[in-house]
2 protein chains.
Amino acid sequence: MDVARRSPIGRPRGFDADEALGRAMVVFWRQGYEGASLADLTSAMGITKTSMYAAFGNKEELFRKALARYADGPAAYVAKAIALPTALEVATAFLDGSVCASTQPGFPIGCLGVQGALAAGENGLAIRDTLAVWRDEGRTHLHDRFRQAVDDGDLPPDADPDLLARYVMTVANGIAVQAAGGSSRDDLQRVAAASLRNWPLT
Amino acid sequence: MDVARRSPIGRPRGFDADEALGRAMVVFWRQGYEGASLADLTSAMGITKTSMYAAFGNKEELFRKALARYADGPAAYVAKAIALPTALEVATAFLDGSVCASTQPGFPIGCLGVQGALAAGENGLAIRDTLAVWRDEGRTHLHDRFRQAVDDGDLPPDADPDLLARYVMTVANGIAVQAAGGSSRDDLQRVAAASLRNWPLT
DNA sequence: ATAGTTCAGCACCGATCGGTACTGAAGGTG
DNA sequence: CACCTTCAGTACCGATCGGTGCTGAACTAT
């Protein structure tokens, strides 16, 4: 690796694909999959439809790539939270991250993974299902992490990792909905803190 | 009142408007506001576009009427819960109702008030805002009810009605998202029960 | 320089979007 | 009965939807 990459033959593209993808992510985040038209997207990306199709495939593929970018960017708090040393720290950081990502100034309110396509017509079913899988993967990661905490003795033996993961995920999803409705970061942080006051739900 | 209503002059409409509205509600519930096309709606309602416009105004008005129908039907648990005698009963019934309404066999999964239009393009902004207001009214009702519970001595004097209302609403919204993603009624009932184990979040 | 390859813009595609004018039928009232 | 009002179906509206064929420009490799 670390080989100097040869310039690809042919005319190089005249725009920054990473930058354009970031712009598309924001549009999908704000307007949802079905609510974001190609005109909205390409206008924000600063490129033509032709260039978008050449670089990203089609609208559905563009969304999937935008979701991957979202996971690595605004939603990076998920992986960071799960790596923390105790289950309570994991849950706290997960919910705090949800609040912050959903109320980040300069970005749309709410969570792309929730409001990107919670319900959809025929054209949006595939993306709706993709997002449901994405959210469920997050829940599974929490589940595995909490089971590990039980095995480690960090959580009591009678703690229920499945229930804890579902509970934390449910609160996080609710926070995303509340944020989309205009709740302030302060209010949501109070809710997040309150929701873990009884941890681990004995 | 109770006057025998005179038949309106002119040709009577050839369909049951209440029944048609119920069908429209289901389509909006399953596909969201933007994802439900007029063709989808009128096909499910069993009427033509012309009849729909004559009876309901336009797509936006049809959605508002469908939301009112939803509030009086599948979401009637809200008012029933708030009328219960203690704050804990209110919260428990509210969350149980959320779970049942979001996983009712024969109806779409999830909550119309959440997935009807959480994010939207330009055409759906008004409905998105309408739903945000609708959800916030539910939160306000909980808030008022919990404040009353504090005044009554049902909740301790240091309980925070605003926080409690936001917390319960957040869990309910999260339940709706989880249901939309395919979570089972049993799983959600366990989450709902667990979320109130520490009531009133002392 | 020439060949080979890719890019980007324009124009355009059929389909569908929400919404409406027009017409004839269907019912009421007198 | 005649008259009047309303309904419902057809056919259509301009706009927009996601997506593409074509062409000339731009770039690398030879």
Side-chain angles (χ1 to χ4, degrees), chain A residues 4-21 23-24 27-28 31-66 116-117 120-128 130, chain B residues 4-21 23-24 27-28 31-66 116-117 120-128 130:
Chain A
R5 203 158 301 211
R6 311 217 16 180
S7 294
I9 55 181
R11 175 177 171 180
R13 67 164 54 106
F15 61 94
D16 183 334
D18 278 347
E19 165 92 17
L21 181 57
R23 306 282 190 95
V27 175
F28 280 131
Q31 305 184 200
Y33 176 70
E34 286 184 317
S37 71
L38 281 186
D40 294 331
L41 291 162
T42 54
S43 161
M45 297 165 88
I47 63 178
T48 64
K49 260 188 289 189
T50 318
S51 300
M52 193 284 284
Y53 273 90
F56 301 103
N58 59 20
K59 189 186 177 186
E60 212 173 290
E61 283 306 306
L62 178 63
F63 184 90
R64 291 182 205 281
K65 287 170 174 120
E122 202 174 346
N123 295 330
L125 291 182
I127 293 300
R128 183 199 63 179
T130 295
Chain B
R5 204 157 302 210
R6 308 216 18 178
S7 295
I9 55 180
R11 175 177 172 179
R13 67 162 55 105
F15 62 94
D16 183 333
D18 278 347
E19 164 92 17
L21 182 57
R23 306 283 189 93
V27 173
F28 279 132
Q31 304 182 203
Y33 176 70
E34 286 183 317
S37 71
L38 280 186
D40 293 332
L41 291 162
T42 54
S43 161
M45 298 165 88
I47 63 178
T48 64
K49 258 188 290 189
T50 318
S51 300
M52 193 284 283
Y53 274 89
F56 301 102
N58 58 20
K59 189 187 178 186
E60 211 173 290
E61 283 306 306
L62 178 62
F63 184 90
R64 291 182 205 281
K65 288 170 173 121
E122 202 174 347
N123 295 330
L125 291 182
I127 294 299
R128 184 199 62 178
T130 295

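Labels below follow one simple rule: chain letters A, B, ... track the order of the sequence lines, proteins then strands, and each chain is numbered from 1.
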Any residue meeting salt bridge (Lys or Arg N to Asp or Glu O under 4.0 Å) with A:Arg64, in chain and number order, not counting sequence neighbours = A:Glu60, A:Glu61

Residues forming a side chain to side chain contact (heavy atoms under 4.5 Å, CB included) with A:Leu38, sequence neighbours excluded | A:Leu41, A:Lys49, A:Met52, A:Tyr53, A:Lys59

Point-to-point distance, once rounded to the nearest 0.5 Å, from CD of B:Glu122 to CZ of B:Arg128 | 11.5 Å

Value in whole Å for how far the C1' atom of C:dT5 lies from CD1 of A:Ile9 | 5 Å

Residues from residues 38-48 of chain B lying under 4.0 Å of DNA chain D - heavy atoms = B:Thr48

Tell me: CZ of B:Arg11 to P of C:dT29, nearest whole Å?
-> 16 Å

Answer yes or no: is there a side-chain heavy-atom contact under 4.5 Å between A:Phe63 and A:Thr130?
-> no

Return the value, rounded to whole Å, for the distance between atom CD of B:Glu122 and atom P of D:dT16.
-> 10 Å

Taking only residues two or more places apart in sequence or in another chain, which ones pass side chain to side chain donor-acceptor pair (under 3.5 Å) with B:Gln31?
-> B:Asp40

Residues that A:Thr48 engages under side chain to side chain donor-acceptor pair (under 3.5 Å), provided they are two or more places apart | A:Ser51

Sorted by number, residues from residues 49-66 of chain A placing a heavy atom under 4.0 Å from DNA chain D are A:Lys49, A:Thr50, A:Tyr53, A:Asn58, A:Lys59

Any idea which of C:dG27, C:dC7, C:dC17 is nearest the B:Ser37 side chain?
-> C:dC17

Quick one: which residue pairs count as a side-chain hydrogen bond (donor to acceptor under 3.5 Å, both in side chains) with a foot in residues 8-19 of chain B, not counting sequence neighbours?
-> B:Glu19-B:Arg23

Which atom pair, heavy atoms only, marks the closest approach of A:Phe28 to A:Leu62?
-> CE1-CG, 3.9 Å

Would you kindly compare B:Pro12 and B:Tyr33 by the position of their nearest DNA chain C nucleotide and give the one closer to the 5′ end?
-> B:Tyr33

